[in-house]
Peer 1: 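Just passing along the structure, written as structure tokens.
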Amino acid sequence: MRISLFWRGVGFGLGFGFIAAACTPGGKQTDTSSESDTDSCQPGSLNCVCEANGCDPGLVCASGYCVEGSEATTDVTITSTSATPTSVSETEPDTTEPTEGSMTTEAPQCNDGPGMSQTCPDPTPYCLAEGVCSGCAGLTSCADIDVSTPACDADSGLCVECTADDASACGGNTPVCDAAANACTKCVDHEQCPSGACNIATGACFEDALWVDRKAASCDGDGTQEAPFCEIQDAIEVIPTDTPTLVRVVPGPTAYKAKIDVGSNVIAAIVGEGGAATIDVDVDALLVNDDARVYLKDLRFVGTSMSAGNGVVCLNAEVWTDSVDFSSRESVAIDAIGCTLQLRRSRVYANPGGGIKVDKGTTRIENTFVTSNGSNFSQYGGIHVVSGGELNIVYATIVGNNSDATADSLHCLDPGTVTLRNAVLFGQSQATSVSCDGAVASDSIVDSTLLAGDNVTVEVSAQSSWFTGAASGDFHVKAGAPFAELGRWRSGDPAVDYDGDPRPDVDLASDWAGADRLP
């Protein structure tokens, strides 16, 4: 309650103004003109000015005036006839009711902390110990609230499993943070792992590693970086079964020459370290036995002798390739028998014995070139599928392959499901390019009417002007090629092309067919 007291000058005949009386410390009125005591100050008295504790019992001194205790305020305005109002604040502590504008302690916003609150609103869903609602940034630690959500997402104010800056909770078979979902997930690419190798079948990153370097001073090393093995096979032989192990292979001026034989149930990633390591082995270069799983990355399998056999033979096992070249092998470059074979961003080029043979099992080929394999005298050309083998091709360039005994580009004998999508496929001629009953194509350009399907363009033959250097085996695309808008990107398709250039990442968006696209 505000009390305004107005002092007005009173005109007398003699022209004297009103002279204020002052209360003594005892609350008595004093006429300053006569210095005589008068009655005690009364509530609301206009001619009395008191001092602290100077009022009669039952009264308090507020802003210089004795008033009833319930009438005390922190703000009393005194106005004279000739002066502007003046505010005086001399409220006695602990003697007045709080009024508007006074300092008060607010009631707690919540009382169910510390932790997630039932009463706090977004984006401040946590109740702190002080009873204040806050986002996760106000917490001492998100892990103290819930060990399963130790990271703070500043945008939402929530404690989450992980963020782009904090993936400490991610590991095991979910080592990668999906920042959009703030959740840990499996790795699907080697680049997602700190080690540079992903066990794609399980989603875990490889951790244990052995080193191989032909430039080592001696060949009696133990597989450490300081004392590496001299051949890849030396590392493979010491890997325990069911113990995923990364083999880092340092490239050098000479090729690795020892045959690689991966035993049953061995899980290994053989990865070029700092560049593509070259493997040039007579007879078969790599044999992967029953129930083994092998990842190949940044490697070159070549053949420089007439006795060079297969590049890879997979027997009832799994083989995954990323950025691997197979060339100049006298036998078919990849022979997969009852195997799960995944070729990604790889090249199978100029192998006189043929490109890829699929016998039972399943094979997926994506962002891969299968070009110039076989010859006028070879049994196999580009891809050969038999005995129920299944083949799924997405974004592949299959051009210039040749065979004397079978179809040039794609030949099948009693195959399982065979599908091609976003493919570029041309053999030596329309008549000899494809022989594969039941094969289905879509969003592709081909030379064979046997592959006619949804959004498939049939051309008689490929033109060298479509490619950067067809004569030398370079089938990267050039501007003006007729398949620039023919492909269709679908959810789950690779995010990049053979060279790592981004693909549309929008469902059903048009894209280049084939392994390569122009940025």
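Computed from heavy atoms alone, side chains included, the values below leave out hydrogens, waters and symmetry copies.
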Peer 1: For S510, enumerate each residue passing the side chain to side chain donor-acceptor pair (under 3.5 Å) test, keeping only those at least two apart in sequence or located in another chain.
Peer 2: E485

Peer 1: Determine whether W512 and D497 make a side-chain contact, defined as any pair of heavy atoms from C-beta on separated by less than 4.5 Å.
Peer 2: no

Peer 1: Checking D146 against S148: is there a side-chain donor and acceptor pair closer than 3.5 Å?
Peer 2: yes

Peer 1: Could I get the full list of side chain to side chain contact (heavy atoms under 4.5 Å, CB included) partners for A462, not counting sequence neighbours?
Peer 2: F426, W466, F467

Peer 1: Rounded to the nearest 0.5 Å, what's the gap from NE2 on H190 to CG on D298? Could you check?
Peer 2: 9.0 Å

Peer 1: Applying the ring pair (Phe, Tyr, Trp, His ring centres under 6.0 Å) criterion to F369, which one of Y498, F475, Y349 satisfies it?
Peer 2: Y498

Peer 1: Determine whether N316 and D291 make a side-chain contact, defined as any pair of heavy atoms from C-beta on separated by less than 4.5 Å.
Peer 2: no

Peer 1: Only counting residues at least two apart or in another chain, list the ones meeting salt bridge (Lys or Arg N to Asp or Glu O under 4.0 Å) with R329.
Peer 2: none

Peer 1: Can R517 and D511 be counted as an ion pair, charged N to O under 4.0 angstrom?
Peer 2: yes

Peer 1: Do any N or O atoms from the side chain of N455 and from the backbone of L486 form a donor-acceptor pair under 3.5 angstrom?
Peer 2: yes

Peer 1: If we ignore hydrogens and angles and just use 3.5 Å, is the side chain of S264 paired with the main-chain N or O of D290 as donor and acceptor?
Peer 2: yes

Peer 1: Search all heavy atoms of C187 against all heavy atoms of P175 and return the closest pair with its distance.
Peer 2: N-CD, 4.0 Å

Peer 1: Heavy atoms only: give me the nearest T163-C152 pair and the separation to one decimal.
Peer 2: CG2-O, 3.8 Å

Peer 1: Is the SG of C177 found under 2.5 Å away from the SG of C184?
Peer 2: no

Peer 1: What's the spacing between I260 CD1 and E237 CD if we round to 0.5 Å?
Peer 2: 11.0 Å

Peer 1: Tell me if the SG of C159 lies under 2.5 Å from the SG of C142.
Peer 2: yes

Peer 1: For residues G135 and P125, report the shortest heavy-atom separation together with the two atoms involved.
Peer 2: CA-CD, 4.2 Å

Peer 1: Start with the C-alpha gap between T397 and D516, add the side-chain angles, then the distance that decides, and say whether side chain to side chain contact (heavy atoms under 4.5 Å, CB included) holds.
Peer 2: CA-CA 8 Å; T397 299; D516 181 45; 5.7 Å; no

Peer 1: Using side chain to side chain donor-acceptor pair (under 3.5 Å), reason through D222 and T224 one step at a time and then give a plain yes or no.
Peer 2: CA-CA 6 Å; D222 57 6; T224 62; 2.8 Å; yes

Peer 1: Counting distance only, does the side-chain N/O of D234 pair as donor-acceptor with the main-chain N or O of I232 below 3.5 Å?
Peer 2: no

Peer 1: Tell me, do F301 and V324 make a side-chain contact under 4.5 Å, heavy atoms counted?
Peer 2: yes

Peer 1: Between C198 and C193, is the disulfide bond (SG atoms under 2.5 Å apart) condition met? List the steps.
Peer 2: CA-CA 6 Å; C198 170; C193 293; 4.5 Å; no

Peer 1: For the side chain of N367 and the backbone of V496, is there at least one donor-acceptor N/O pair under 3.5 Å apart?
Peer 2: yes

Peer 1: Can you pull out every side chain to side chain donor-acceptor pair (under 3.5 Å) where at least one residue sits in residues 170-180? Sequence neighbours excluded, please.
Peer 2: none

Peer 1: Quick check: does any side chain N or O of S346 sit under 3.5 Å from a backbone N or O of L343, one acting as donor and the other as acceptor?
Peer 2: no

Peer 1: Does the pair Y126 and C120 meet the rule for a side chain to side chain contact (heavy atoms under 4.5 Å, CB included), with working shown?
Peer 2: CA-CA 7 Å; Y126 299 96; C120 291; over 6 Å; no

Peer 1: Are a donor atom and an acceptor atom from the side chains of D282 and S305 found within less than 3.5 Å of each other?
Peer 2: yes

Peer 1: With no hydrogens and no angle check, just 3.5 Å: does a side-chain donor-acceptor pair link N265 and D242?
Peer 2: no

Peer 1: Side chains of P482 and I445: does their closest heavy-atom pair fall under 4.5 Å?
Peer 2: yes

Peer 1: Do N351 and V332 come close enough that some side-chain heavy atom pair is under 4.5 Å?
Peer 2: no

Peer 1: Between N373 and A350, which heavy-atom pair has the shortest distance, and what is it?
Peer 2: OD1-N, 3.4 Å

Peer 1: Determine whether a donor-acceptor pair (N or O, by modelled atom type, separation under 3.5 Å) exists between the side chain of N182 and the backbone of C162.
Peer 2: yes

Peer 1: For S323 and R345, test the side chains for any donor-to-acceptor distance below 3.5 angstrom and give the result as yes or no.
Peer 2: no

Peer 1: Spell out, as yes or no, whether a donor-acceptor pair under 3.5 Å connects the side chain of D505 to the backbone of A495.
Peer 2: no

Peer 1: Start with the C-alpha gap between L286 and L296, add the side-chain angles, then the distance that decides, and say whether side chain to side chain contact (heavy atoms under 4.5 Å, CB included) holds.
Peer 2: CA-CA 11 Å; L286 171 62; L296 306 173; 3.7 Å; yes

Peer 1: Is there a disulfide between C436 and C412 in this structure (defined here as SG atoms under 2.5 Å apart)?
Peer 2: yes

Peer 1: For the CG atom of L246 and the CD1 atom of I267, what is their distance to the nearest 0.5 Å?
Peer 2: 13.5 Å

Peer 1: Considering non-hydrogen atoms only, spot the tightest contact between V370 and N401 and give its length.
Peer 2: O-ND2, 3.0 Å

Peer 1: Is the backbone of A255 close enough, under 3.5 Å, to the side chain of T278 for a donor and an acceptor to pair up by distance?
Peer 2: no

Peer 1: If I take atom NZ from residue K259 and atom CG from residue L287, how far apart are they, to the nearest 0.5 angstrom?
Peer 2: 5.0 Å

Peer 1: Is E231 salt-bridged to R214, cutoff N-O under 4.0 Å?
Peer 2: yes

Peer 1: Looking at D280, is its backbone amide N or carbonyl O close enough to the side chain of K257 to form a donor-acceptor pair, meaning the two atoms are under 3.5 Å apart?
Peer 2: yes

Peer 1: Apply side chain to side chain contact (heavy atoms under 4.5 Å, CB included) to residues T368 and T321 and explain how you reach the verdict.
Peer 2: CA-CA 10 Å; T368 291; T321 78; 5.9 Å; no

Peer 1: Less than 2.5 Å separating the SG atoms of C230 and C219?
Peer 2: yes

Peer 1: Just grab all the side chain to side chain donor-acceptor pair (under 3.5 Å) pairs involving residues 409-430, residues at least two apart or on different chains.
Peer 2: N392-T419, Y395-N422, S409-S433, R421-D493, S429-T432

Peer 1: With the side chain counted from C-beta on, respond yes when L410 and L420 share a heavy-atom pair under 4.5 Å apart, and no when they do not.
Peer 2: yes

Peer 1: Mind listing the closest non-hydrogen atom pair of L391 and I365 along with its distance?
Peer 2: CD1-CD1, 3.9 Å

Peer 1: Calculate, to the nearest 0.5 Å, the distance between atoms CD and CG belonging to E366 and D322 respectively.
Peer 2: 8.5 Å

Peer 1: List, one per line, each side-chain donor-acceptor pair under 3.5 Å for residues 200-211, sequence neighbours excluded.
Peer 2:
unit_1	atom_1	unit_2	atom_2	d
T202	OG1	N199	O	3.2
T202	OG1	A204	N	3.3

Peer 1: With rounding to the nearest 0.5 angstrom, report the OG to NZ distance, S464 to K478.
Peer 2: 8.0 Å

Peer 1: Measure the shortest side-chain to side-chain distance between V249 and E273 over non-hydrogen atoms and say whether it is less than 4.5 angstrom.
Peer 2: no

Peer 1: Side chains of D220 and S218: any donor to acceptor distance under 3.5 Å?
Peer 2: yes

Peer 1: I'd like to know if R347 pairs up with D325 as an ion pair, taking the criterion as any Lys NZ or Arg NE/NH1/NH2 lying under 4.0 Å from an Asp or Glu carboxylate oxygen.
Peer 2: yes

Peer 1: Do H476 and D499 touch side chain to side chain, with heavy atoms closer than 4.5 Å?
Peer 2: yes

Peer 1: Donor-acceptor pair, distance only, cut-off 3.5 Å: does the side chain of D447 make one with the backbone of E459?
Peer 2: no

